[in-house]
Amino acid sequence: MADELKLLEKWSLKVHEVKLGAGPSAGGSREIIFNIGGQSSFPFLFKEGDIPNRPLIAAEVLDCVEDDWPVGLRTDLASVSKDPVEWARKMASDSGADLVCLKLQGLHPDLGNKPVKDAMALVEAVLKNIKTPLIILGCGSADKDNEVLPAISEATKGERLLFGDVVSENYKTLAAACIADGHNIIAESPIDVNIAKQLNILLSDIGMPLDRIVINPTIGALGYGLEYAYSIMERAKSAALAGDKMLAMPFICFVGQESWRAKEAKVSLNDFPQGGNARMRGIMWEVVTAMAMVEAGADILTMRHPEAIKIVKSAITDLMKR
Amino acid sequence: MALSGLDIYKLLPRTNCKKCGFQTCLAFAMQLAKKAVALDKCSFVSGEVRAILEAASQPAIRKVEIGTGEQKCLVGNETVLFRHEEKFYHPTAIGFIIEDDMAPVELVNALDEVQRLSFERVGQKIGVELIALREKSRDKQQFVKMLNVVINKTQLGIVLMPDSIESLRPALEICAGRRPLVYCNEPREMDAFISICKEYKVPLAFKAKSLDDFSNASKRAIQQGQADLVFHVSSETASECLWQLTQIRRLSIKKNERSLGFPTMAIIEDEDEPKGAAQAAGHIVKYASIVLLKTRKPEYVLPLLTLRQNIFTDPQKPLQVESKVYPVGLVNDRSPVLVTTNFSLTYYTVLGEIESSRVPAHLICLDTEGMSVLTAWAAEKFTPERISDTLIKFKLSDIVKHKDLIIPGYVAMMSGDLEEKSGWNILVGPREAAGLPSFLKNLSV
């Protein structure tokens with residue numbers, strides 16, 4: 001039934017639509033490709049604007065696992081966490097994740113300082129074993145990332161992957177590679193709308209098309225500053241829909257890595273008896289962090305626990321029903 | 001909707017008679033807009049104008065009270081769609097549906113489980129507000145018997161969910177003084193519910209299919225003298241629920257649509273606990289005033305309470321702790337000294353990590369007006385000068401015999417300058433608090 005009572009916002013711009021992955025006809029080898037963004041309203045308000053794409057979940061895969069994982073998470077991922085290729089294959093096929101986010105943190109001088117060729121071989125093997133697009137993250141050490149990521153970009157030319165992150169202080173090297181090789185890029189800003197916009201302008205100035213940029217607003221976990229990114233995303237989305245094309249990019253939120261750092265996601269039942277089942281508490285920490293980000297306008301969530309992925313995927317599917 | 005000073009000025013006599021104590025009608029109007037003075041000070045405004053001003057001073061979304069005394073819970077009276085525009089005022093009340101077809105001992109256990117859902121996070125107590133008793137027995141004696149257990153066992157706010165009007169009166173007879181929220185599940189019985197709620201002066205929640213139905217029903221209730229209402233939004237699809245919750249908020253705040261200006265309620269009926277909790281998370285951020293859950297397990301409730309705490313924090317006023325030197329553990333004059341900011345989240349995170357290191361330490365919280373380390377550094381609230389001054393102000397040289405100060409890794413760049421200004425030996429700590437246990441343990445070796 002049609003309601004007489006309604007108040008529609010008069011938005012003037014759509015979020016840029018970003019294509020993830022390229023199939024054989026477009027110069028890549030992906031069997032599954034996705035679009036993100038493209039919406040002209042706040043999340044799930046179908047009566048107000050177009051929402052052509054649902055938020056995607058990217059399963060986090062790491063080339064080396066931190067030793068501070070809680071028991072539940074460690075046990076649940078034990079069968080794959082030592083083999084990133086199998087991990088990626090399994091998450092892409094069984095967990096319901098839409099795509100894979102490979103973080104090459106073992107490149108970091110403090111975390112193993114793996115050689116470039118290892119990373120390149122890993123990316124190649126992962127791509128062979130999954131049908132979906134891939135997100136590739138560096139290790140956070142600017143020098144090492146600038147050495148490795150452009151090489152991977154070139155080796156995967158035409159696949160239309162998503163590379164990250166670039167920041168205001170270090171964007172040229174990776175951006176130039178992604179422009180040349182036809183990839184998308186993640187632009188990271190420290191919970192700040194102005195810096196997000198400025199970085200998009202810088203990227204645009206060196207030739208990165210606006211529909212190949214995804215914003216990482218740097219979220220905090222539930223209980224650890226989640227509300228800052230929540231509001232930054234809503235502010236940026238309002239500005240974008242009202243016409244600011246330099247902020248009208250989809251968002252990627254690193255839910256898994258943040259939520260599993262939270263004390264409440266880690267602490268055992270013995271140390272926190274009133275907190276209930278520790279394994280499920282950790283999973284729900286990730287789920288609730290993800291749900292808040294989805295409502296704030298996230299377009300890609302990177303997530304870690306397979307069960308959290310299933311729960312959030314199901315909630316997104318429900319929200320996408322009209 | 002609030003009127004501006006100029007809007008009010010146009011309604012005043014504009015004679016500048018000064019009898020209100022102000023030099024001009026405009027000055028008086030400006031104070032009225034700020035609610036700093038009462039309209040009675042002007043004896044020349046007409047009854048008509050008075051009515052307009054009174055209506056405008058009503059909140060766009062009615063504030064409804066459930067419960068009494070210390071456990072009183074306030075819902076509604078929100079003023080914005082987005083928390084960054086101002087803030088969200090009344091945290092979503094969280095309650096639990098308990099059905100009356102269980103043995104009294106089971107009910108007592110269930111209530112105990114709910115009472116235990118109280119936690120402390122970043123210095124604030126967070127807990128739950130409501131117990132909703134739903135009649136499933138179709139037996140009004142059973143309903144009232146169980147209600148008696150609830151009344152005696154808990155001080156939480158009560159939501160009465162009778163199966164029919166028959167059970168409502170005896171229930172209100174014994175608990176109207178607790179100001180319960182009454183829930184009407186059956187639109188055909190709405191008029192009877194309205195008249196009983198009016199008689200016992202308690203708020204009424206009801207469901208409707210569409211915004212038009214909510215609007216018509218609330219107009220009818222108001223006509224009959226029942227103004228404390230709550231809308232139960234219950235569409236079949238999640239996106240339609242979100243649409244209605246968003247439209248109720250938007251139309252009442254931006255269009256002053258009085259017939260929709262009421263708090264809202266969502267009930268999680270899904271038996272799948274994780275799925276239900278995920279739905280509840282969506283309702284807490286957008287835009288339910290009350291969420292009723294079935295699960296009482298802390299692993300589902302704690303994340304929801306934490307989310308509510310986050311979203312209802314005032315974005316202009318970050319939570320702060322008192323600026324001072326906090327002794328952590330059994331400190332003495334040889335214990336290490338750390339400095340951080342007085343942003344609550346920073347303080348409690350650092351505190352937790354020092355505690356888990358089991359190395360007693362003095363923790364200085366510098367007054368950064370509640371900013372985190374990097375923000376405060378960028379805003380020049382966490383500078384070598386301010387840290388040096390604080391060391392003197394809190395007489396650190398009397399508290400410890402050494403002169404070693406540990407600073408956060410993120411501000412390593414200030415260590416030379418700080419060493420010079422303070423005369424203390426600066427040790428650069430880890431960037432993240434999580435690195436403190438190993439840092440402190442290595443230090444004490």
Side-chain angles (χ1 to χ4, degrees), chain A residues 1-7 9 42-48 51 68 190-191 220 222-228 230-232 234-235 238 261-264 274-285 287-292 294-296 307-308 310-312 314-315 318-322, chain B residues 82-84 116-119 121-122 209-215 236-240 242-244 246-247 250-251 254-255 257 259-260 272-275 277-282 284-286 297-304 306-307 309-313 315 345 349 352 372 374-375 432 434:
Chain A
M1 85 224 70
D3 269 313
E4 294 289 317
L5 279 167
K6 67 181 161 208
L7 174 58
E9 298 286 355
F42 271 86
F44 313 112
L45 301 179
F46 297 106
K47 294 180 189 172
E48 182 153 291
I51 302 174
D68 63 344
I191 338 177
L222 174 64
Y224 295 85
L226 168 143
E227 70 273 26
Y228 292 89
Y230 182 91
S231 286
I232 288 298
E234 289 197 328
R235 279 178 56 195
S238 297
R261 282 171 56 201
K263 184 177 165 191
E264 290 86 344
Q274 68 275 33
N277 181 294
R279 174 182 175 269
M280 204 60 209
R281 177 171 7 95
I283 291 170
M284 291 311 294
W285 219 259
V287 167
V288 172
T289 305
M291 289 307 296
V294 165
E295 295 281 357
E307 198 161 327
K310 279 199 187 92
I311 296 163
V312 174
S314 146
D318 284 349
L319 279 161
M320 287 301 292
K321 283 182 197 144
R322 295 162 194 232
Chain B
F82 297 108
R83 58 189 290 284
H84 63 257
R116 281 197 292 271
L117 295 169
S118 170
F119 307 88
R121 283 201 88 257
V122 289
K209 281 210 167 73
S210 67
L211 296 174
D212 289 357
D213 289 352
F214 276 122
S215 167
E236 271 174 30
T237 61
S239 65
E240 178 63 21
L242 177 63
W243 175 257
Q244 290 190 4
T246 304
Q247 286 295 324
R250 251 194 216 166
L251 283 158
K254 298 179 93 170
K255 280 266 189 155
E257 177 53 61
S259 68
L260 292 179
D272 181 328
E273 291 173 309
K275 219 174 146 183
Q279 287 168 14
I284 287 171
V285 298
K286 289 191 178 160
K297 292 186 188 147
E299 59 267 36
Y300 301 107
V301 179
L302 175 61
L304 295 176
T306 307
L307 178 63
Q309 182 185 36
N310 284 170
I311 292 299
F312 285 84
T313 297
L345 185 55
T349 311
S372 64
L374 271 182
T375 320
E432 300 284 344

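Values below: every heavy atom of this structure, side chains too, minus hydrogens, waters and symmetry copies. A, B, ... follow the sequence lines: proteins, then strands. Residue 1 opens every chain.
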- Query: Is there side-chain contact between Thr246(B) and Glu48(A), with at least one heavy-atom pair below 4.5 Å?
  - Reply: no

- Contacting region of Thr349(B) [heavy-atom separation from chain A under 4.5 Å]: side chain

- Toward chain A, the part of Ala434(B) with a non-hydrogen atom under 4.5 Å: neither

- Message: Given 3.5 Å as the limit, does a donor-acceptor pair link the side chain of Ser239(B) with the main chain of Lys321(A), or not?
- Response: yes

- Item | Proximity breakdown for Met291(A) and chain B, heavy-atom pairs closer than 4.5 Å | side chain

- Query: Among Leu251(B), Leu302(B), Asp272(B), who wins on heavy-atom pairs under 4.5 Å with chain A?
  - Reply: Leu251(B)

- Message: Tell me if a side-chain donor or acceptor on Asn310(B) pairs with a main-chain N or O of Gly225(A) at a distance below 3.5 Å.
- Response: no

- Task: Enter the distance from Leu5(A):CG to Lys255(B):NZ here, rounded to the nearest 0.5 Å.
- Result: 9.5 Å

- Message: If I measure from the heavy atoms of chain A, does Ala281(B) come under 4.5 Å with its side chain, its backbone, both, or neither?
- Response: side chain

- Query: To the nearest 0.5 Å, how far apart are NZ in Lys297(B) and CZ in Arg281(A)?
  - Reply: 14.0 Å

- Note on the structure: If one checks every heavy atom of Phe42(A) against chain B at 4.5 Å, the contacting part turns out to be side chain

- Task: Please list, chain by chain and in numerical order, all residues satisfying side chain to side chain contact (heavy atoms under 4.5 Å, CB included) with Arg279(A), sequence neighbours excluded.
- Result: Asp76(A), Asn277(A), Ile283(A), His305(A), Glu307(A)

- Message: Is Leu260(B) in contact with chain A via its backbone, its side chain, both, or neither, using a 4.5 Å heavy-atom distance?
- Response: side chain

- Message: Please classify the contact of Glu257(B) with chain A as side chain, backbone, both or neither, using a heavy-atom distance under 4.5 Å.
- Response: side chain

- Given Leu345(B), Val122(B), Thr237(B), the one with more heavy-atom pairs under 4.5 angstrom with chain A than any other is Leu345(B)

- Note on the structure: Looking only at heavy atoms, the pair that brings Ala278(B) and Ala315(A) closest together is CB-CB, 4.3 Å

- Task: Tell me, please, which residues at least two apart from Glu264(A) pass salt bridge (charged side-chain N to carboxylate O under 4.0 Å, His left out).
- Result: Arg121(B)

- Query: Tell me, do Glu9(A) and Lys254(B) make a side-chain contact under 4.5 Å, heavy atoms counted?
  - Reply: yes

- Task: Starting at OH of Tyr228(A), measure out to OG1 of Thr375(B) and round the result to the nearest 0.5 Å.
- Result: 8.0 Å

- CZ of Arg235(A) to CZ of Phe82(B): how many Å apart, nearest 0.5 Å? 12.5 Å

- Query: Where on Gln247(B) is there a heavy atom nearer than 4.5 Å to chain A: the side chain, the backbone, both, or neither?
  - Reply: side chain

- Check Gly282(B) against Glu295(A) and note the closest heavy-atom contact, atom names and distance. CA-OE2, 3.5 Å

- Query: Could you state the interatomic distance from CD (Gln279(B)) to CG (Leu319(A)), rounded to the nearest 0.5 Å?
  - Reply: 8.5 Å

- Task: Select one option (side chain, backbone, both, neither) describing which atoms of Glu432(B) are under 4.5 Å from chain A's heavy atoms.
- Result: side chain

- Structural part of Pro315(B) lying under 4.5 Å from a heavy atom of chain A: neither

- Side chain / backbone / both / neither for Phe214(B) at chain A, heavy atoms under 4.5 Å: neither

- Rounded distance [0.5 Å steps], CD in Glu234(A) versus NZ in Lys286(B): 4.5 Å

- Query: How about Val287(A) and Pro303(B): do any of their side-chain heavy atoms sit closer than 4.5 Å?
  - Reply: no

- Task: Pick one of side chain, backbone, both or neither for Thr289(A), based on which atoms fall under 4.5 Å of a heavy atom in chain B.
- Result: neither

